[in-house]
Amino acid sequence: MPGPDAATRRPNAGDVLLPVPALGRVFRSGRRVRGGDVDPCGHLRLDALARYLQDVSGDDTDDARLPDPMAWVVRRTVVEQRSPARQGERLELATFCSGYGSRWAERRVSILGVDALIDAVTVWVHVDQGGRPKKLPPEFHALYDSAAGGRLVNTRQTHDPIDPSREDVERFDWFPRATDLDVLDHVNNSIAWAVVEQLRARLVSVAGASRGSDGDSLARPFRAEVEFRDAVDRGAVDGGQALVAVHRTEGEVTDLTLWSADQTTVHVTARLRPLSDTHRT
């Protein structure tokens with residue numbers, strides 16, 4: 001029998017982006033990149049991409065018709081973009097379960113287009129009506145286990161929040177809006193990616209990057225990780241509070257922490273780093 005620390009030796013969900021499996025359930029869907037989803041260069045923004053990930057996940061769940069409706073909250077999402085999707089481009093999305101634990105599942109999404117080459121993985125925690133983690137039902141395992149191949153994963157969060165009092169950090173304010181709230185009365189997880197998109201634009205501006213014939217340096221391959229800590233609730237929106245985004249760069253890696261207005265609560269952590277090649281791992 002496995003020892004008491006067997007679970008700690010499991011891979012961490014979201015660390016590795018696995019290929020589409022040959023066996024098991026793979027749900028496929030299409031999407032066209034619209035004008036409201038792109039930046040000034042015509043590239044798909046990260047917050048719009050996050051909505052695509054939510055939508056294809058929800059469509060898969062609806063299509064599965066599981067007898068017990070399942071509610072999920074996001075704990076961690078990783079995106080590896082080799083080539084951005086562009087306005088008007090038709091995308092093909094494929095999603096499958098690539099791992100699971102007792103109360104969570106790792107969902108992979110592959111996005112391909114004429115230009116686009118994007119991979120993502122999201123760690124979703126299954127919760128009950130009170131928001132407490134709930135055990136995955138047998139029906140889930142019957143439908144999704146084959147694609148996952150029995151792969152068990154942990155849900156560790158790996159980023160250390162940045163101390164806002166450090167002298168080597170930069171910061172900017174972020175104001176959540178009423179339109180950012182979802183049915184849980186929390187700021188939707190896709191909005192965290194809008195903060196990361198803002199950070200990327202700031203980094204490019206500071207570096208003095210100029211646009212080329214095919215867009216600016218925002219199109220360069222990168223890996224972005226977002227870990228969700230404490231939800232931003234309606235109080236921050238109604239109070240018009242400015243959340244504090246603190247970031248620092250060391251080498252080629254940039255870390256970000258989104259703090260509450262009083263800088264006592266960590267809402268989101270994120271990490272950005274370039275990818276050196278244009279091929280999938």
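- Panel note: side chain E227, backbone H159; a donor-acceptor pair is recorded below 3.5 Å.
- Linking ILVMFWY residues whenever their side-chain heavy atoms come closer than 4.5 Å, directly or via other members, places L91 and L53 in the same cluster.
- Both V169 and V266 are members of a single hydrophobic cluster when ILVMFWY side chains are connected at heavy-atom separations under 4.5 Å.
- Of the possible donor and acceptor atoms, none in the side chain of R10 sits under 3.5 Å from a partner among the backbone N and O of L152.
- Under 4.0 Å is where a charged nitrogen must lie from a carboxylate oxygen, and between E225 and R76 at least one such pair does.
- In summary, R82 and E80 engage in a salt bridge, as defined by a charged side-chain N under 4.0 Å from a carboxylate O.
- Of the charged side-chain nitrogens involved, none lies within less than 4.0 Å of a carboxylate oxygen, so that D39 and R45 do not count as a salt-bridged pair.
- Of the possible donor and acceptor atoms, none in the side chain of D238 sits under 3.5 Å from a partner among the backbone N and O of G235.
- Ion pair R51/D55 not flagged as a salt bridge, since none of the NZ, NE, NH1 or NH2 atoms sits closer than 4.0 Å to an Asp/Glu carboxylate oxygen.
- With D128 contributing its side chain and G130 its backbone, the two residues share a donor-acceptor pair below 3.5 Å.
- Between D15 and R156 there is no salt bridge, since no side-chain nitrogen of the basic residue lies less than 4.0 Å from a carboxylate oxygen of the acidic one.
- In this structure, W124 and W72 have perpendicular ring planes: the angle between them is above 60°, well past the 30° mark.
- Remark: D63 engages R25 in a salt bridge, criterion side-chain N to carboxylate O under 4.0 Å.
- Taking a cutoff of 4.0 Å between a charged side-chain nitrogen and a carboxylate oxygen, D37 and R34 do not qualify as a salt bridge.
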